[in-house]
Amino acid sequence: MKALHEIVNMEMTVRVRFAPSPTGALHIGGIRTALYNYLYARQHKGVFVLRIEDTDQVRYVPGAEEYILEALAWVGLIPDEGVGFGGSYGPYRQSERKAIYYKYAHDLIERGKAYYAFDTPEELDAAREREPNFAYNYWTRERMRNSLTMKPSEVENLLRNGAPYVIRLRVEPGQDILVHDLIRGEVVFQSSELDDKVLLKADGMPTYHLANIVDDYLMRITHVIRGEEWLPSTAHHVLLYRAFGWEAHMPRFAHLPLILRPEGQGKLSKRDGVRFGFPVFPLSWKGATPEENFLGFREAGFLPQAVLNFLALLGWHPGGEQEVFTLEEMVNLFSLEHVSKSGARFDYDKAKWFNQRYILATDNTTLAQLIRPLAEKKGYRTDLPYLERVVALMKERVTLLTDFVEEGYYLFEPVRTYDDEAIQKRWNPALKPALEAIAERILTLQPFDAVTLEASIKALLQEQQLKVGEVLPILRLALVGTMKGPSVFDTIALLGPTETTERLRRGVAYFLQCQRSHVP
RNA sequence: GGCCCGUUCGUCUAGGGGUUAGGACGCAUCCCUUUCACGGAUGAAACACGGGUUCGAUUCCCGUACGGGCUGCCA
């Protein structure tokens, strides 16, 4: 018998789902949940389903669904089935499955597992106010207005007259509910502690609890991989599978640790992003008001693979000392057993480090294409050959894609600001002739490349008995305004003779002026 | 308050009855270097606490503390 069960399990293709709710921008934690689901599905040659849980009419936000699809596409977690991807278990948008939930909720009533409740929200509020720990359950429901306490004729009357009602799960005390969580092991609940959860709301929409059980069953979901915030309600979900008689088809559960805010307490929220100045969303989101605008990892200059790698390791590690993994490697190595149980703090520094690693590992042609739109937005030149050269010079010094055009702005436009402190330290009027000589020599230099430039300039300095370490820093300051940046010779080679001499001229003028204003 | 989950360097984590408790981020120092970075080297830095079990617990068990989640006609 057991062997048979195992064989059935083995042959059952894994089907997991990512089921976000379109109530705004998809949080980065949602992306991680999607990632783990995706990894699990791919590893088991299974199916990754995208289901949209839009049963809350009030919190529905237009554009949120499109955002979810775009975010998944950006990070490359493409569903096999679901909203926007087809499949034979649809529709995959819960608002389009209203009739299904209605039917199943009423089935439960017929089986005596659920009941009608006519208490208004106001009445419930009042009850909660009267009793601080009020729960609608086995002990309190007899004082409430529901089909368990009212006369059948009265209930029928209310129903016929279209009185608003909800359907509640009838939770009977005295049952042990055992959840075998793939990450946490056995978790036990007592039904006596559970309330009679609303299954169908007065507007005819199901609650999450009903919808997720009905859909997971109908969509043949085998593994539910979701956030830890769902662990407590899993007890209700088990009860629902029992009530429907589907316990044998109940999926396996795995509850993921939460992503915590970088400091302080609580889970990471969208507010933390604006507070600490880093993205907590995959893509930027334009809200109705400026306070509801949020920065995305994409717009902040992250590579999607870096984001995935970072998120993957926020709560999972295969063991060993490797930190950088391709998606394919993650698919091969992933296992729920290696997902940690405790919450993980969001570490933006680590995220940036991953991005730096991925930029370094990305070829120049690809990077040039990636920064092209950024250059375009700034009004910079956008020809790929030039961008590739910029990338080659800057890639070891950036952490974000945006750094190419921010940190390296001087490769596209004249120096905006000079580092006065460095000028104070490096400038010496005696250096003026040297810079002028360099400018002059550069004009006729052939070929105009870094190697030739270095040889030529160093020779010139030697002729004039000047130290390289004395002249190069001030040369750099004239060219780019700062002490940071790529090799001076590489920079000159990229800027070209005309631009270089112009910058030297401007630089010297600035240094002289700087010097004057600093002499007491 | 009740229920549930958790606890290894500041952070992400590896490990697991006997280890110099490993790696990574960040930090510090040094090397390389015209600068910054990259790269290399080194360093500071952890098993929450108390009881058991055991020859021996950071590892297993129980408490406590602390943290987190849930407690909605939200998901």
Side-chain angles (χ1 to χ4, degrees), chain A residues 19-23 53-56 58-59 94 117 119-121 124-125 128 132-136 164-168 179 181 183-185 187-190 192-195 197-209 211-212 226-235 255 257-258 260 262-263 265-267 310 313-324 338 340-354 356 360 393-399 407 419 422 426 454 458 467-477 480 482-489:
Chain A
S21 154
T23 54
E53 309 227 330
D54 56 346
T55 56
D56 189 337
V58 180
R59 294 210 306 151
Q94 289 185 328
D119 319 87
T120 64
L124 291 172
D125 286 345
R128 290 191 187 100
N133 293 324
F134 175 82
Y136 205 118
Y165 69 86
V166 302
I167 293 179
R168 284 182 182 271
V179 178
D181 190 276
I183 293 170
R184 280 147 221 286
V187 183
V188 189
F189 299 90
Q190 301 297 324
S192 331
E193 312 273 5
L194 273 30
D195 64 342
K197 281 264 179 289
V198 169
L199 302 178
L200 202 72
K201 302 185 262 188
D203 66 0
M205 278 292 189
T207 58
Y208 171 85
H209 307 294
N212 114 83
R226 80 229 294 193
E228 193 187 356
E229 70 267 29
W230 294 109
L231 189 51
S233 58
T234 305
H255 288 95
L258 265 17
L260 275 17
E263 49 196 59
Q265 56 215 325
K267 57 177 175 178
F310 164 66
L313 263 35
L314 225 47
W316 167 76
H317 198 285
E321 288 172 5
Q322 191 176 344
E323 299 280 336
V324 177
H338 278 95
S340 56
K341 299 177 179 69
S342 47
R345 276 188 198 276
F346 184 88
D347 181 357
Y348 190 55
D349 281 331
K350 192 83 172 240
K352 285 193 292 190
W353 177 78
F354 274 112
Q356 189 185 39
L360 240 21
L393 293 198
M394 292 300 293
K395 74 191 286 191
E396 280 180 355
R397 318 167 211 267
V398 299
T399 54
E407 301 281 310
D419 179 346
R426 306 288 188 173
E454 178 163 4
K458 281 186 171 169
K467 286 202 204 106
V468 170
E470 213 176 334
V471 180
L472 251 31
I474 200 67
L475 182 54
R476 169 184 300 284
L477 283 168
V480 301
T482 161
M483 286 307 291
K484 299 183 191 175
S487 147
V488 169
F489 306 110

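Everything quoted here is computed from the prediction, not taken from an experiment. First the proteins, then the strands, lettered A, B, ... as listed; each starts at 1.
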Q) Would a distance-only check, ignoring hydrogens and angles, find a side-chain to backbone donor-acceptor pair under 3.5 Å from A:H255 to A:K341? A)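 It does not hold such a pair.
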For this session: Check for a donor-acceptor pair, side chain of A:K201 on one end and backbone N or O of A:T55 on the other, with a separation under 3.5 Å.
Result: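 Side chain of A:K201 to backbone of A:T55: a pair is present.
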Which nucleotide wins on minimum distance to the side chain of A:V187, given the candidates B:C4, B:G23, B:U34?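 Closest nucleotide to the A:V187 side chain: B:C4.
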Among B:U34, B:A24, B:C38, the nucleotide that comes nearest once only the side chain of A:V488 is considered:
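The closest nucleotide is B:U34.
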Relative to the 5' end of RNA chain B, which residue comes earlier, A:G469 or A:Q190, by the nucleotide with the nearest heavy atom?
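Residue closer to the 5' terminus by nearest nucleotide: A:Q190.
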So what does [X] touch, heavy atoms closer than 4.0 Å: a base, only the sugar-phosphate, or nothing?
| X | value |
| --- | --- |
| A:E193 | sugar-phosphate |
| A:P257 | nothing |
| A:F189 | sugar-phosphate |

Between [N] atom [atom2] and [X] atom [atom1], what is the distance in whole Å?
| X | N | atom1 | atom2 | result |
| --- | --- | --- | --- | --- |
| A:K352 | B:C12 | NZ | P | 17 Å |
| A:R476 | B:U35 | CZ | P | 8 Å |
| A:H317 | B:C12 | NE2 | P | 13 Å |
| A:K341 | B:C12 | NZ | P | 16 Å |
| A:Q356 | B:C36 | CD | C1' | 12 Å |
| A:W353 | B:C12 | CH2 | P | 16 Å |
| A:Y348 | B:C12 | OH | P | 18 Å |
| A:Q322 | B:G23 | CD | P | 16 Å |

With [atom1] as the reference atom in both, quote the distance from [N] to [M] in angstrom, rounded to an integer.
| N | M | atom1 | answer |
| --- | --- | --- | --- |
| B:A24 | B:G67 | P | 32 Å |
| B:U58 | B:C9 | P | 15 Å |
| B:A45 | B:G2 | P | 40 Å |

Note to self: I need the minimum non-hydrogen distance between A:P257 and A:E228, along with the two atoms involved.
What the structure shows: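 Heavy atoms only, the tightest pair is CA-OE1, 4.0 Å.
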Can you tell me how far CG of A:L314 sits from CZ of A:F346, rounded to the nearest 0.5 angstrom?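 Reported value, rounded in 0.5 Å steps: 7.5 Å.
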Each nucleotide of nucleotides 61-75 of chain B classed B (base within 4.0 Å of a protein heavy atom), S (only sugar-phosphate) or -, in 5' to 3' order, makes ------SSBS-SBBB
The criterion is side-chain contact (heavy atoms from CB on, under 4.5 Å); which residues satisfy it with A:D419, sequence neighbours excluded?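 A:D419 satisfies side-chain contact (heavy atoms from CB on, under 4.5 Å) with A:E421, A:A422, A:L477 once adjacent residues are dropped.
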